[in-house]
Amino acid sequence: MKLRVVTYNVHKCRGMDGRTSTLRIADVLRDVAADVIALQEVMGHQAEAISAEIGMPFEIGENRQHLGYAYGNVVLSRLPIRGARNYDLSVRGREERGCLRTDLAVNGSGTLLHIFNVHLGTAYGERRHQGRKLIAPDLLADTGLQHPRIVLGDFNEWTIGLATHLLRAHMKSAERKWRSYPGFLPFLHLDHIYYDDALCLEKLTVHRTRKALVASDHLPLVGDFAVA
């Protein structure tokens with residue numbers, strides 16, 4: 001089975017031109033044509049609009065309220081969503097952060113795919129705490145997770161920090177240094193994809209089109225997998 005995933009920080013759907021547009025984000029996602037979409041920095045009503053526009057159901061992991069709306073990470077999927085859970089990665093004194101897990105059914109065979117959509121903080125010490133939380137027994141190291149995992153999102157690590165070291169020790173990393181931030185002239189590698197041995201990464205690309213360059217301050221990072 002072939003599977004395309006994408007991680008995309010949509011910056012509240014506010015583009016580099018200062019215009020906020022869920023339709024423009026939906027157009028970019030339609031061009032990417034992913035089976036599983038992991039978005040960061042999304043408000044609830046924006047997720048609803050994007051979902052309706054591209055025809056994919058979604059789950060939202062609310063980390064806080066913003067302007068009266070749920071705000072956090074979102075997963076949209078062509079695969080049936082069998083369950084979802086949001087994990088709190090917040091560090092005291094810093095902006096609330098989270099990790100949204102969605103369990104997706106693969107080919108009706110009873111096999112699941114665990115998708116973890118992550119958005120880590122911008123401070124060095126904050127990310128060290130969050131990296132430890134990610135590999136804790138109640139999250140990625142949960143022995144109840146018996147199916148393949150993909151961890152993707154905006155890790156805010158432009159150098160190799162503790163979160164990167166810990167995840168690389170537990171999972172495979174899409175190592176290629178595809179730069180996805182800032183969108184108009186990307187020179188930082190903030191967005192990452194990690195995955196289990198049961199998955200084979202066939203291709204990793206940054207989706208760089210004229211529309212994607214202005215739709216958000218990040219570019220979408222796309223991974224093409226073969227699922228055994």
Side-chain angles (χ1 to χ4, degrees), residues 3-10 29 34-48 50-51 56-66 69-92 94-121 126-156 163 166-167 169-172 191-199 221 223 225 227:
L3 181 78
R4 171 169 286 187
V5 304
V6 61
T7 177
Y8 189 19
N9 184 325
V10 298
L29 293 173
D35 302 295
V36 180
I37 299 169
L39 305 180
Q40 303 85 41
E41 294 192 22
V42 197
M43 289 186 278
H45 69 297
Q46 294 175 331
E48 292 174 1
I50 294 168
S51 172
M56 294 172 67
F58 75 96
E59 291 285 345
I60 185 169
E62 180 179 346
N63 299 324
R64 63 184 175 93
Q65 288 275 308
H66 181 73
Y69 296 101
Y71 176 76
N73 303 327
V74 165
V75 169
L76 302 100
S77 176
R78 300 190 198 281
L79 304 179
I81 301 174
R82 299 302 188 210
R85 177 181 175 184
N86 199 44
Y87 300 86
D88 185 11
L89 299 180
S90 302
V91 173
R92 186 175 179 181
R94 304 293 301 177
E95 180 181 329
E96 293 91 339
R97 303 281 182 172
C99 170
L100 172 62
R101 185 187 102 204
T102 50
D103 303 325
L104 310 180
V106 180
N107 281 346
S109 61
T111 299
L112 296 178
L113 184 64
H114 302 300
I115 301 292
F116 293 85
N117 182 5
V118 179
H119 191 192
L120 300 188
E126 177 186 15
R127 291 194 302 276
R128 290 179 65 86
H129 285 292
Q130 291 166 339
R132 295 188 187 99
K133 286 184 177 182
L134 275 175
I135 63 159
D138 64 337
L139 215 160
L140 286 175
D142 185 347
T143 56
L145 300 176
Q146 299 295 316
H147 301 275
R149 303 164 300 170
I150 296 177
V151 182
L152 71 173
D154 179 0
F155 290 81
N156 271 315
L166 292 173
L167 285 165
H170 287 78
M171 307 180 75
K172 287 188 172 183
D191 305 291
H192 300 264
I193 300 176
Y194 300 90
Y195 56 98
D196 279 332
D197 288 338
L199 305 168
L221 180 65
F225 287 92
V227 182

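In what follows, every heavy atom counts, from backbone to side chain, and hydrogens, waters and symmetry copies are set aside.
- With a 4.5 Å cut-off on side-chain heavy atoms, Ile50 and Val74 do not count as touching.
- Proximity of Thr143 to Pro137: side-chain heavy atoms (C-beta onward) are nowhere separated by under 4.5 Å.
- Residues in residues 137-154 take part in these salt bridge (Lys or Arg N to Asp or Glu O under 4.0 Å) pairs, two or more places apart or across chains: Arg149-Asp196.
- His147 and His114 get closest at one heavy-atom pair: O-CD2, 3.3 Å.
- Proximity of Leu113 to Leu3: side-chain heavy atoms (C-beta onward) are separated by under 4.5 Å at one or more points.
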Item checked: Criterion side-chain contact (heavy atoms from CB on, under 4.5 Å) on Leu140 and His170, from CA distance to verdict -> CA-CA 9 Å; Leu140 286 175; His170 287 78; over 6 Å; no

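- Side-chain contact check for His192 versus Thr7: every heavy-atom pair is 4.5 Å or farther apart.
- For the pair Ala105 and Leu79, the tightest heavy-atom approach, listed with the atom from each and the gap, is O-CB, 3.6 Å.
- The distance from atom CG of Asp35 to atom CZ of Arg78, rounded to the nearest 0.5 Å, is 6.0 Å.
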Margin query: Test side-chain contact (heavy atoms from CB on, under 4.5 Å) on Phe116 and Tyr194; report intermediate values, then the result.
Written below: CA-CA 10 Å; Phe116 293 85; Tyr194 300 90; over 6 Å; no

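- The CG atom of Leu166 sits 14.0 Å away from the NZ atom of Lys133 when rounded to the nearest 0.5 Å.
- Rounding to the nearest 0.5 angstrom, the gap separating the CD1 atom in Ile37 from the CZ atom in Arg4 is 11.0 Å.
- Here the NE2 atom belonging to His119 is positioned 7.0 Å from the CD atom belonging to Glu95, to the nearest 0.5 angstrom.
- The minimum heavy-atom distance linking Gly44 with Tyr69 is given by the pair N-CB, 4.2 Å.
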Margin query: Would Leu39 and Leu76 count as a side-chain contact (heavy atoms from CB on, under 4.5 Å) here? Give the steps.
Written below: CA-CA 8 Å; Leu39 305 180; Leu76 302 100; 3.7 Å; yes

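- At distances below 3.5 Å, at least one donor-acceptor pair connects side-chain atoms of Asn73 with backbone N or O atoms of Gly98.
- Rounded to the nearest 0.5 Å, atoms NE2 (His45) and OH (Tyr71) are 12.0 Å apart.
- Shown here for Met56 and Ala34, the closest heavy-atom pair between the two residues is CE-O, 3.9 Å.
- With a 4.5 Å cut-off on side-chain heavy atoms, Leu152 and Val36 do not count as touching.
- Here the side chain of Asn9 pairs no donor or acceptor atom with the backbone of Glu41 at under 3.5 angstrom.
- Considering Arg94, Arg92, Arg132 in turn, Arg94 is the only one that fulfils the salt bridge (charged side-chain N to carboxylate O under 4.0 Å, His left out) rule with Glu126.
- Among the candidates Arg64, Gln65, His66, the single residue satisfying the side-chain hydrogen bond (donor to acceptor under 3.5 Å, both in side chains) test with Glu62 is Gln65.
- The shortest distance between side-chain heavy atoms of Met171 and Val151 falls below 4.5 Å.
- We find the CG-CG distance between Asp88 and Leu139 to be 10.5 Å, quoted to the nearest 0.5 Å.
- In this structure, Phe225 and Val5 have side chains that are in contact, with non-hydrogen atoms separated by less than 4.5 Å.
- The side-chain hydrogen bond (donor to acceptor under 3.5 Å, both in side chains) test applied to Glu59 returns no partner, not counting sequence neighbours.
- Looking at every heavy atom in both residues, Asn63 comes nearest to Glu96 through O-CB, 3.3 Å.
- In plain terms, the two heavy atoms of Asn86 and Cys99 that are nearest each other are OD1-O, 3.2 Å.
- A 4.5 Å side-chain heavy-atom check between Leu134 and Leu120 finds at least one atom pair inside the cut-off.
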